[in-house]
Amino acid sequence: MSRKVVIVGGVAGGATAAARIRRLDEQAEIVVFERSSYISYANCGLPYYVGGVITDPEELTLQDPESFYARFRVVMKVRHEVTAIHPTEKTVEVKNLETGETFTESYDSLLLSPGARPTVPDLPGIDSERIFCLRTVEDTFSLRERVVQFQPKRAAVIGGGFIGLETAENLRHAGLDVTILQRPKQVLSPLDADMASFVHGELRAHGVSLMLGRSVMGFETDENEIRVLLKDEEPFAADIVVLAIGVQPETSLAKAAGLELGLKGSILVNDRMETSAKDIYAVGDAVQVRHFVTGEPALIALAGPANKQGRIAADNICGLDSHYKGSQGSSVIKLFDLTAANTGLNEKAAQAAGIDYDKIYLSPMSHAGYYPGGEMMTMKVLFEKGTNRLLGAQIVGGSGVDKRLDVLATALRAGVSVVELKDLDLAYAPPYSSAKDPVNMAGFMAENLIEGRVKQFHWHELDALPRDGSLVLVDVRTPREYARGHAEGAVNIPVDDLRERMSELPKDKPLYLICQSALRSYIACRILAQEGFDCRHMAGGWRLYSSVMTDQQAAKQAAPCGME
């Protein structure tokens with residue numbers, strides 16, 4: 001006897017599950033109900049249609065009901081909304097949004113893939129026709145139509161997450177003046193503030209204004225513009241507003257059906273993607289998962305996990321035994337000429353989890369320096385003290401960022417320690433890498449730190465170091481680099497002159513060394529330590545410090561009076 005599977009929601013999780021079920025069971029009856037007009041679309045590609053990077057709207061739709069049926073014999077019913085679930089009767093109530101007809105559909109197994117909905121706060125003026133969200137294909141067409149038809153000049157993007165930033169970039173490509181406004185004081189919350197400073201710099205360099213640390217109180221619209229009302233500040237005027245302050249699990253159906261819920265009302269599932277109700281599964285942005293690093297409950301709304309979960313649920317519906325082992329939040333984003341990526345925990349998350357951690361920074365080139373076209377990246381790697389367990393990584397830069405992040409994400413998943421990164425056998429040719437790949441370099445650096453061959457201090461400690469003569473700051477860059485900017489009170493002794501000028505440094509005081517990216521200061525520390533000096537160097541170097549300080553100064557200049 002064939003099984004009947006009803007799936008609520010297409011896109012990543014639902015469509016993936018439907019295709020997998022068919023590959024496992026040719027006799028199963030599979031019905032998918034999707035309330036939008038599209039059963040499978042490139043959600044992450046939506047901002048690029050707004051900016052004209054993707055020009056053909058059909059490129060956004062990966063499958064349509066006819067092609068999906070032809071390939072998989074799955075009945076895809078778009079513009080059909082499931083309005084109720086009856087777990088005891090094993091039925092769902094469905095409304096045809098085109099005709100208004102309602103009917104009951106039975107199931108043997110039910111898979112919920114409702115996704116998440118944009119967070120829309122209850123603020124005055126929120127229903128303005130000049131305010132757009134960007135979650136569905138329909139949303140994208142509406143925003144693109146507004147940009148083309150009305151040719152707005154000014155856009156306010158509320159929120160600096162992935163969708164907000166990609167939309168900001170693409171609105172700039174479309175010729176608009178763009179300002180990002182949000183309450184947090186940095187964009188991209190998966191990054192720590194020091195790494196986000198590079199992202200802020202890239203956005204500003206391409207004409208995107210940042211108004212961070214602002215609280216939006218409402219909106220006022222007239223025939224000429226929309227004004228974003230801000231707390232303790234004059235309104236910000238724009239022609240359109242894109243609301244991108246996050247998403248919330250879409251779980252009203254599950255809640256009404258009595259399914260057990262988790263964080264922020266998400267659907268609680270086990271590692272087989274089973275809900276608290278028999279024969280009901282759930283996947284994607286609507287479910288609570290286990291964070292792979294901490295083991296704690298988490299909400300991670302990304303396409304990769306949703307696809308994997310859809311496959312796992314399908315396996316278990318078809319009698320296999322598959323398990324989801326947790327999410328680590330690996331992500332990557334392109335912003336103009338910069339790529340930013342992360343996996344695992346950042347410092348905020350490690351602190352919240354109570355993990356005793358350390359960190360290293362490095363600024364390698366994307367490939368061999370002598371081969372043309374290399375681009376610098378900045379890497380930040382966190383690891384647990386004592387165990388050397390990899391906790392997470394963040395990388396910003398040009399080409400090669402995604403490659404290194406994926407290697408680090410794989411190492412984290414496989415349980416490779418931070419020191420064992422030095423042993424990874426990675427492909428090398430001058431156009432692609434260096435003989436000592438940046439990931440290997442991270443392992444070398446961690447080993448030196450853990451074994452006590454070098455001591456480090458961090459950019460946020462520099463300004464607080466005493467200038468009373470109790471220690472000596474030494475800048476080991478060239479005189480030209482030193483002249484372009486240096487720490488207050490630092491003496492300049494280039495690393496190549498250090499052996500000849502060592503007598504200028506006291507052995508009875510600690511030495512704090514600085515260079516551009518922390519490589520030369522490390523070399524200098526090794527020279528000095530072997531001569532009996534107490535020495536440490538600044539992790540990340542002057543380059544990281546300058547990025548953070550420049551960002552902080554720009555934020556102060558953009559802040560209204562009294563809010564610095």
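Only a predicted model underlies this, so the values are computations on that prediction, with no experimental measurement involved.
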### Task
Please report the closest heavy-atom contact between His200 and Val187, naming both atoms and the distance.
NE2-N, 3.2 Å

### Query
Regarding Thr343 and Gln328, is there a side-chain donor-to-acceptor distance under 3.5 Å anywhere?
yes

### Task
Mind running side chain to side chain donor-acceptor pair (under 3.5 Å) on Asn440 and Tyr428 for me, showing each step along the way?
CA-CA 12 Å; Asn440 297 137; Tyr428 160 63; over 6 Å; no

### Query
Do the side chains of Leu473 and Leu511 get nearer than 4.5 Å, heavy atoms only?
no

### Query
Can any side-chain N or O of Glu202 pair as donor or acceptor with the backbone N or O of Asp337 at less than 3.5 Å?
yes

### Task
Answer with yes or no whether the side chains of Gln516 and Arg477 bring together a donor and an acceptor at under 3.5 Å.
yes

### Task
Taking all heavy atoms of Gln288 and all of Gly262, pick out the closest pair and write down the distance.
OE1-CA, 3.3 Å

### Query
Salt bridge or not for Asp192 and Lys359, using N-O below 4.0 Å?
no

### Query
To the nearest 0.5 Å, how far apart are CD in Gln186 and CG in Leu191?
7.0 Å

### Message
Between the side chains of Arg520 and Asp496, is the shortest nitrogen-to-carboxylate-oxygen separation below 4.0 Å, so that they form an ion pair?
### Response
no

#### Entry: Aromatic ring pairing His367/Tyr371, orientation class (parallel under 30°, perpendicular over 60°, tilted between)
perpendicular

### Message
As an exercise, state the distance from CE of Met549 to CG of Asp194, rounded to the nearest 0.5 Å.
### Response
10.0 Å

### Task
Begin with the C-alpha distance, continue with both residues' side-chain angles, and end with the deciding distance and a verdict on salt bridge (charged side-chain N to carboxylate O under 4.0 Å, His left out) for Asp551 and Lys556.
CA-CA 9 Å; Asp551 182 38; Lys556 286 181 179 179; over 6 Å; no

### Query
By salt bridge (Lys or Arg N to Asp or Glu O under 4.0 Å), which residues pair with Lys308, not counting sequence neighbours?
none

### Task
Assess whether atom CD of Glu488 is packed by more than 12 heavy atoms of other residues, nucleotides or ligands within 6.0 Å.
no

### Query
Does some side-chain heavy atom of Tyr512 sit less than 4.5 Å from a side-chain heavy atom of Glu461?
no

### Query
Just by distance, do the side chain of Glu451 and the backbone of Glu447 share a donor-acceptor pair under 3.5 Å?
no

### Task
Before giving the answer on salt bridge (charged side-chain N to carboxylate O under 4.0 Å, His left out), spell out for Asp534 and Lys509 the whole-Å C-alpha distance, their side-chain angles and the decisive distance to 0.1 Å.
CA-CA 7 Å; Asp534 178 14; Lys509 296 178 181 179; over 6 Å; no

### Query
Got a salt bridge between Arg290 and Glu296, using NZ or NE/NH1/NH2 to carboxylate O under 4.0 Å?
no

### Query
Regarding Gln351 and Tyr357, is there a side-chain donor-to-acceptor distance under 3.5 Å anywhere?
yes

### Message
Show, in sequence, the C-alpha distance, side-chain angles and deciding distance for Ser399 and Glu375, and conclude whether the side chain to side chain donor-acceptor pair (under 3.5 Å) test is met.
### Response
CA-CA 6 Å; Ser399 62; Glu375 297 180 84; 3.1 Å; yes

### Task
Evaluate whether atom NZ of Lys325 has more than 12 neighbouring non-hydrogen atoms of other residues, nucleotides or ligands under 6.0 angstrom away.
no

### Asp425, CG atom: more than 12 neighbouring heavy atoms under 6.0 Å
no

### Task
Using a strict 4.0 Å threshold on nitrogen-to-oxygen distance, state whether Lys334 and Glu166 make a salt bridge.
no

### Task
Give the C-alpha distance, both sets of side-chain angles, the deciding distance and a yes or no for side-chain contact (heavy atoms from CB on, under 4.5 Å) between Leu345 and His291.
CA-CA 10 Å; Leu345 303 183; His291 197 287; 3.5 Å; yes

### Polar side chain donor-acceptor pair, Asn448 to Tyr522, under 3.5 angstrom
yes

### Query
Under the 6.0 Å and 45° cation-pi test, does Arg172 pair with Phe336?
no

### Task
Compare all side-chain heavy atoms of Leu165 with those of Val157 and state whether any distance is below 4.5 angstrom.
no

### Query
When you measure from the side chain of Gln182 to the backbone N and O of Gly160, does any donor-acceptor pair fall under 3.5 Å?
yes

### Query
Quick one: do the His486 and Asp475 side chains pair a donor with an acceptor below 3.5 Å?
no

### Query
If only atom types and distance count, is the side chain of Arg404 paired as donor or acceptor with the main-chain N or O of Ser366 below 3.5 Å?
yes

### Message
If you count heavy atoms of other groups shown closer than 6.0 angstrom to CZ of Arg453, is the number above 12?
### Response
yes

### Query
Where the side chain of Arg144 meets the backbone of Val50, is there a donor-acceptor pair that is under 3.5 Å apart?
yes

### Message
Please tell me whether Ser331 and Asn342 have a donor and an acceptor in their side chains that are separated by less than 3.5 angstrom.
### Response
yes

### Message
Does Gln309 form a side-chain contact (heavy atoms from CB on, under 4.5 Å) with Val287? I'd like the steps, not just the answer.
### Response
CA-CA 10 Å; Gln309 293 160 14; Val287 306; 3.7 Å; yes

### Query
CG/Leu203 to CZ/Phe198 distance, rounded to the nearest 0.5 angstrom?
14.0 Å

### Query
When rounded to the nearest 0.5 angstrom, what is the spacing between OG1 in Thr410 and CG in Leu405?
9.5 Å

#### Entry: Side-chain heavy atoms of Phe533 within contact of Met502, under 4.5 Å
yes

### Arg135 to Ala116 - nearest heavy-atom pair and separation
NE-O, 3.1 Å

### Query
Atom CD1 in Ile245, atom CG in Leu181: separation rounded to 0.5 Å?
12.0 Å

### Task
Return yes if a side-chain donor-acceptor contact under 3.5 Å exists between Ser517 and Ser363, otherwise no.
no

### Message
With a 4.5 Å cut-off on side-chain heavy atoms, are Val178 and Ser209 touching?
### Response
no

### Query
If every non-hydrogen atom of Ala313 is compared with every non-hydrogen atom of Met273, which pair is closest and at what distance?
CB-CB, 4.1 Å

### Task
Assess whether side chain to side chain donor-acceptor pair (under 3.5 Å) is satisfied between Thr550 and Gln553, documenting all intermediate values.
CA-CA 5 Å; Thr550 300; Gln553 186 59 38; over 6 Å; no

### Query
Any salt bridge between Lys422 and Asp437, counting N to O under 4.0 Å?
no

### Query
Has Lys348 got more than 12 heavy atoms of other residues, nucleotides or ligands less than 6.0 Å from its NZ?
yes

#### Entry: Note, Ile527 side chain near Arg499 side chain (heavy atom, < 4.5 Å)
yes

### Between Arg311 and Ser322: side-chain donor-acceptor atoms closer than 3.5 Å
no

### Message
Within 45 degrees of the ring normal and closer than 6.0 Å to the centroid, is that where the cationic atom of Arg389 sits relative to Phe383?
### Response
no

### Query
Are the side chain of Asn492 and the backbone N or O of Tyr482 linked by a donor-acceptor pair below 3.5 Å?
no

### Query
When rounded to the nearest 0.5 angstrom, what is the spacing between CZ in Arg501 and CD1 in Ile493?
4.5 Å

### Query
Any side-chain donor-acceptor pair under 3.5 Å between Thr478 and Glu481?
yes

#### Entry: Residue Arg467 excluded, over 12 heavy atoms near CZ under 6.0 Å
yes

### Query
Taking side chain as C-beta onward, heavy atoms only, is Ile514 less than 4.5 Å from Val474?
no

#### Entry: 4.5 Å side-chain heavy-atom contact, Leu382 and Lys380
yes

### Query
Is a side-chain N or O of Ser113 found less than 3.5 angstrom from the main chain of Gly14, in a donor-acceptor match?
yes

